[in-house]
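Just below is one structure, and these are the notes that go with it.
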Amino acid sequence: MKIAVSACLLGHNCKYSGGNNRSQKVLDYIEGHEVIPVCPEVSGGMPVPRVPVELKDGKAINRDGEDVTEFFQSGVEKTMEKLNGETIDLAILQPRSPSCGCKQIYDGSFTKTLIEGKGMFAQALAAAGIPMMDGDDVPEK
């Protein structure tokens, strides 16, 4: 099985804060499978660390009010190109991320308010018919 995984869940320091979201549960689950690490935000040219971003009206806006949608769109395109030609059986994505959230995202108010929705990369995966799972929902192995 070939699995695309949010790089932060693998322990890569690509999170907006400069850290990661390493998940032992995810690492155990993907053991023995071919893994393709992905971070659309870094692929799109966003720095690490970076100002937090939330989606508002389809745009990626950082906490300082700057529109960084172009970086996000570029990252989604580059990451989808990286996966193009691969048979991806599953994507395991960072929950609530403006790129990778696949069930919920923050509402754009920077008040930690969650809404139903998908991040930009998760939307592209859904459009491509690639099954995805929230990193929080990975079953214990």
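Because the structure is predicted, anything quoted here is derived from the model rather than measured.
Under the salt bridge (Lys or Arg N to Asp or Glu O under 4.0 Å) criterion, Lys118 pairs with no residue, sequence neighbours left out. The salt bridge (Lys or Arg N to Asp or Glu O under 4.0 Å) check on Lys78 picks up nothing, with sequence neighbours excluded. Residues forming a side-chain hydrogen bond (donor to acceptor under 3.5 Å, both in side chains) with Thr113 (at least two apart in sequence, or on another chain): Thr111. Residues forming a salt bridge (Lys or Arg N to Asp or Glu O under 4.0 Å) with Asp137 (at least two apart in sequence, or on another chain): Lys103. A search for salt bridge (Lys or Arg N to Asp or Glu O under 4.0 Å) contacts involving Glu77 returns nothing, not counting sequence neighbours. Annotation: side chain to side chain contact (heavy atoms under 4.5 Å, CB included) contacts of Tyr16 (sequence neighbours excluded): Arg50, Pro52. A search for side-chain hydrogen bond (donor to acceptor under 3.5 Å, both in side chains) contacts involving Lys2 returns Glu86, not counting sequence neighbours.
When hydrophobic clusters are built by joining Ile, Leu, Val, Met, Phe, Trp and Tyr residues whose side-chain heavy atoms come closer than 4.5 Å, directly or via intermediates, Leu27 is grouped together with Ile3. Cluster membership for Ile92 and Met132, using ILVMFWY side-chain heavy atoms within less than 4.5 angstrom, is not shared. Transitive grouping of hydrophobic side chains (ILVMFWY, heavy atoms separated by less than 4.5 Å) brings Leu83 and Met120 into a common cluster. There is a path of hydrophobic side-chain contacts, each under 4.5 Å, that joins Ile130 to Val76. No single ILVMFWY cluster, assembled from side-chain heavy atoms under 4.5 Å apart, contains both Met46 and Val51.
Contact check for Ile105 versus Glu54: no side-chain heavy atoms found under the 4.5 Å cut-off. When side chains are defined from C-beta on, Lys25 does not count as touching Asp28, because their heavy atoms never get closer than 4.5 Å. A heavy-atom distance below 4.5 Å is not found between the side chains of Lys82 and Ser43.
Residue Phe110 is found outside any hydrophobic cluster, as its side-chain heavy atoms come under 4.5 Å of no other Ile, Leu, Val, Met, Phe, Trp or Tyr. Taking Ile, Leu, Val, Met, Phe, Trp and Tyr as hydrophobic and joining them when side-chain heavy atoms fall under 4.5 Å apart, one finds Tyr106 in a cluster with Leu114. Side-chain contacts under 4.5 Å among hydrophobic residues (ILVMFWY), followed directly or transitively, place Val48 together with Val42.
Annotation for Val26 and Gly135: closest pair CG2-O, 4.0 Å, computed over non-hydrogen atoms. Closest approach of Ser97 and Glu41 over heavy atoms only: OG-OE2, 3.7 Å. Taking all atoms of both residues into account, the shortest heavy-atom contact from Val38 to Ala4 is CG1-CB, 4.4 Å. Between Pro40 and Cys100, the closest heavy-atom pair is CD-SG, 4.1 Å.
Here CD1 of Ile115 is found 9.0 Å from OG of Ser109. Values are rounded to the nearest 0.5 Å. Atom CG of Asp134 and atom CZ of Arg96 lie 7.0 Å apart (nearest 0.5 Å).
Other residues, nucleotides and ligands place no more than 12 heavy atoms under 6.0 Å from the CD atom of Glu31.
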Which pairs would a plain distance check flag for residues 61-73, meaning a side-chain donor or acceptor within less than 3.5 Å of a matching protein atom at least two apart in sequence or in another chain?
residue	atom	partner	partner atom	Å
Asn62	OD1	Asp64	N	2.9
Asn62	OD1	Gly65	N	3.1
Asn62	OD1	Glu66	N	2.9
Asn62	ND2	Glu66	OE1	2.7
Asp67	OD1	Thr69	N	2.8
Asp67	OD1	Thr69	OG1	2.5
Thr69	OG1	Ala60	N	2.8

Can you give each donor-acceptor pair under 3.5 Å made by side-chain atoms of residues 5-14, sequence neighbours left out, with the distance rounded to 0.1 Å?
residue	atom	partner	partner atom	Å
Ser6	OG	Gln94	N	2.9
Asn13	OD1	Asn20	ND2	2.7

Give the C-alpha distance, both sets of side-chain angles, the deciding distance and a yes or no for side chain to side chain contact (heavy atoms under 4.5 Å, CB included) between Leu125 and Ile88.
CA-CA 10 Å; Leu125 289 173; Ile88 306 297; 6.0 Å; no
